[in-house]
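All remarks here apply to the structure that follows.
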Amino acid sequence: MKRTANKLVAMGLLLAAPLVTVACAAPPTDVSAIEKEVQTDLAQIGINGVDTSTLTVKQLQEIKLIAGQQTDRQSKQNQINALLGRAPGSQAG
């Protein structure tokens, strides 16, 4: 019985190996493309003067989420400025 279980585990590992290889070989996220998208989103919202290359991936993702919300422009500006640690209304550009 123990031998059969070991064979099943070994077979499972052999069958899973290609899946693990494919998952590990997936290309990394193209951060520069996300930075460009965020720069466009910021401009549409009316926030200028943000160097997106200095933002973390988490900040970029959060800005994308805020930009996609169905709220007014001022609300989006306030949320993004808070995220960036900027004073309200600071859209220097």
Checklist line | Side-chain heavy-atom pair Thr71, Ile66 within 4.5 angstrom cut-off | finding: no
Next item on the list: Could you tell me whether the side chain of Leu55 reaches within less than 4.5 Å of the side chain of Glu35, counting heavy atoms only?
Entry: no
Checklist line | Side-chain touch Asn78/Gln74, heavy atoms, less than 4.5 angstrom | finding: yes
Note to self: Would you say Gln79 and Gln69 are linked by a side-chain donor-acceptor pair, where the criterion is simply a distance under 3.5 Å?
What the structure shows: yes
Check: Residues two or more places apart in sequence or in another chain: which of them pass side-chain hydrogen bond (donor to acceptor under 3.5 Å, both in side chains) with Thr54?
Finding: none
Checklist line | Check: Gln77/Asn81 side-chain N/O donor and acceptor closer than 3.5 Å | finding: no
Next item on the list: Provide the closest heavy-atom pair for Ala43 versus Asn48 in the form atom of the first, atom of the second, distance.
Entry: CA-OD1, 4.3 Å
Check: Hey, does Val50 have a side-chain heavy atom less than 4.5 Å from the side chain of Ile80?
Finding: no
Notebook entry, point to check: Could you state the interatomic distance from CD (Gln44) to NZ (Lys76), rounded to the nearest 0.5 Å?
Noted result: 8.5 Å
Note to self: Rounded to the nearest 0.5 Å, what separates atom CD1 in Ile34 from atom CD in Gln39?
What the structure shows: 14.0 Å
Next item on the list: Find out whether Leu60 and Thr52 are in side-chain contact, i.e. whether some heavy atom of one side chain is under 4.5 Å from a heavy atom of the other.
Entry: yes
Item checked: Set of salt bridge (Lys or Arg N to Asp or Glu O under 4.0 Å) partners for Lys36, sequence neighbours left out -> none
Note to self: Rounded to the nearest 0.5 Å, what separates atom CD1 in Ile45 from atom CZ in Arg73?
What the structure shows: 8.5 Å
Next item on the list: Is it possible for you to say whether Leu84 and Leu65 belong to one hydrophobic cluster, with membership spreading through side-chain heavy-atom contacts below 4.5 Å?
Entry: no
